[in-house]
Amino acid sequence: MSGPYVIRGSVSLPEAELMWRFSRSSGPGGQHVNTSDSAVELRFDLAATDALPQVWKERALERLAGRLADGVLTVRASEHRSQWRNRETAAVRLASLLAEATAPPPRPRRPTRIPRGINERRLREKKKRSDTKRGRSGRDWG
């Protein structure tokens with residue numbers, strides 16, 4: 001592997017907690033696809049890990065609830081012919097998924113009022129446009 005996969009800051013995926021499973025890839029590839037286990041399934045037990053701060057862990061469990069099976073997050077990669085590249089892809093995908101899920105919530109929007117000048121200008125332009133269109137009707141020409 002190309003080193004620790006950083007989630008955010010100094011927190012990274014612990015190699016000991018990653019569970020790898022390899023299988024044959026589907027799709028085209030000739031005889032090579034029938035002989036090599038290049039598809040990768042990476043599993044990370046999010047519910048039992050101590051690698052993440054407690055706040056991040058709770059946030060990730062809540063946000064990824066639809067993707068978890070018994071608290072375990074699974075990522076699958078089979079785009080590449082090589083198992084090595086599929087391993088890299090799966091680990092990077094898992095790290096980015098966890099980084100997104102553990103991100104702090106956005107600040108709440110502070111409601112602001114529309115300035116009076118902008119509203120008056122909008123109404124003035126609407127009135128002008130209305131007068132222009134009303135002037136196009138042939139009522140007064142008779």
Side-chain angles (χ1 to χ4, degrees), residues 1-139 141:
M1 300 299 295
S2 69
Y5 291 95
V6 177
I7 295 173
R8 197 170 56 250
S10 62
V11 179
S12 61
L13 284 174
E15 191 66 39
E17 292 186 24
L18 300 178
M19 295 166 279
W20 299 91
R21 219 175 106 215
F22 307 101
S23 59
R24 293 197 177 116
S25 253
S26 62
Q31 294 173 339
H32 172 78
V33 87
N34 299 326
T35 58
S36 61
D37 291 342
S38 59
V40 173
E41 187 178 278
L42 176 58
R43 296 164 56 89
F44 180 66
D45 195 348
L46 187 57
T49 188
D50 291 328
L52 298 176
Q54 189 61 31
V55 177
W56 288 18
K57 188 172 157 181
E58 290 168 5
R59 207 179 286 158
L61 284 169
E62 181 184 325
R63 290 181 183 170
L64 297 173
R67 287 194 63 148
L68 298 176
D70 297 327
V72 177
L73 181 62
T74 305
V75 174
R76 195 170 159 73
S78 62
E79 299 78 62
H80 306 289
R81 283 181 56 148
S82 127
Q83 184 189 100
W84 181 260
R85 287 180 66 193
N86 281 332
R87 284 177 66 133
E88 290 285 320
T89 304
V92 167
R93 200 177 292 161
L94 179 67
S96 66
L97 197 62
L98 285 172
E100 192 176 310
T102 59
R107 280 201 190 127
R109 182 186 171 278
R110 216 175 89 213
T112 56
R113 293 188 59 204
I114 299 172
R116 187 204 277 169
I118 290 176
N119 206 23
E120 287 175 356
R121 185 176 65 209
R122 180 182 63 85
L123 293 173
R124 199 169 42 247
E125 288 172 2
K126 278 181 70 159
K127 181 73 175 158
K128 185 176 162 188
R129 183 80 177 140
S130 167
D131 292 342
T132 303
K133 288 189 169 196
R134 191 178 303 122
R136 290 180 186 156
S137 69
R139 280 187 289 158
W141 292 1

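Computed from heavy atoms alone, side chains included, the values below leave out hydrogens, waters and symmetry copies. In this text, all values refer to a predicted model and were calculated from it rather than measured experimentally.
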> Of all residues at least two apart in sequence or in a different chain, which pass the side chain to side chain donor-acceptor pair (under 3.5 Å) check with Asp131?
Replying inline: Arg134
> Step by step, would you call Gln83 with Val40 a side-chain contact (heavy atoms from CB on, under 4.5 Å)?
Replying inline: CA-CA 7 Å; Gln83 184 189 100; Val40 173; 4.1 Å; yes
> Val75 and side chain to side chain contact (heavy atoms under 4.5 Å, CB included): which partner among Val92, Leu98, Leu94?
Replying inline: Leu94
> side chain to side chain donor-acceptor pair (under 3.5 Å) with Ser23: which residues, sequence neighbours excluded?
Replying inline: none
> Does Trp20 have Arg43 sitting over its ring (NZ/CZ under 6.0 Å from centre, angle to axis within 45°)?
Replying inline: no
> Okay, side chain of Asn86, backbone of His80: is any donor-acceptor separation there less than 3.5 Å?
Replying inline: yes
>> Filter on salt bridge (charged side-chain N to carboxylate O under 4.0 Å, His left out), then keep only pairs touching residues 106-117, sequence neighbours left out; what's left?
In response: none
>> Tell me every residue that passes side-chain contact (heavy atoms from CB on, under 4.5 Å) with Arg129, counting only those two or more places apart in sequence or in another chain.
In response: Lys133, Arg136
> Residues two or more places apart in sequence or in another chain: which of them pass side-chain contact (heavy atoms from CB on, under 4.5 Å) with Asp70?
Replying inline: none
> How close do Ile7 and Trp56 get, heavy atom to heavy atom, and via which atoms?
Replying inline: CG2-CZ3, 4.4 Å
>> According to salt bridge (charged side-chain N to carboxylate O under 4.0 Å, His left out), who are the partners of Arg122, at least two apart in sequence or on a separate chain?
In response: none
> Sequence neighbours excluded, which residues qualify as side chain to side chain donor-acceptor pair (under 3.5 Å) partners of Ser78?
Replying inline: none
> Could you walk me through whether Leu46 and Leu68 pass the side-chain contact (heavy atoms from CB on, under 4.5 Å) check?
Replying inline: CA-CA 8 Å; Leu46 187 57; Leu68 298 176; 4.2 Å; yes
>> What I want to check is whether the side chains of Thr49 and Glu17 have a donor and an acceptor closer together than 3.5 Å.
In response: yes
>> Using the side-chain contact (heavy atoms from CB on, under 4.5 Å) criterion, which residues pair with Ile118? Sequence neighbours excluded.
In response: Ile114, Pro115, Arg121
>> I'd like to check the salt bridge (charged side-chain N to carboxylate O under 4.0 Å, His left out) partners of Glu100; sequence neighbours left out, ordered by chain and number.
In response: none
> Taking only residues two or more places apart in sequence or in another chain, which ones pass side chain to side chain donor-acceptor pair (under 3.5 Å) with Arg93?
Replying inline: Glu79
> Does any pair with a residue in residues 58-67 pass side chain to side chain donor-acceptor pair (under 3.5 Å), and if so which ones, sequence neighbours excluded?
Replying inline: Gln54-Glu58
> Considering residues at least two apart in sequence or located in another chain, which fulfil the side-chain contact (heavy atoms from CB on, under 4.5 Å) criterion with Asp45?
Replying inline: Met19, Ala47, Ala48, Val72
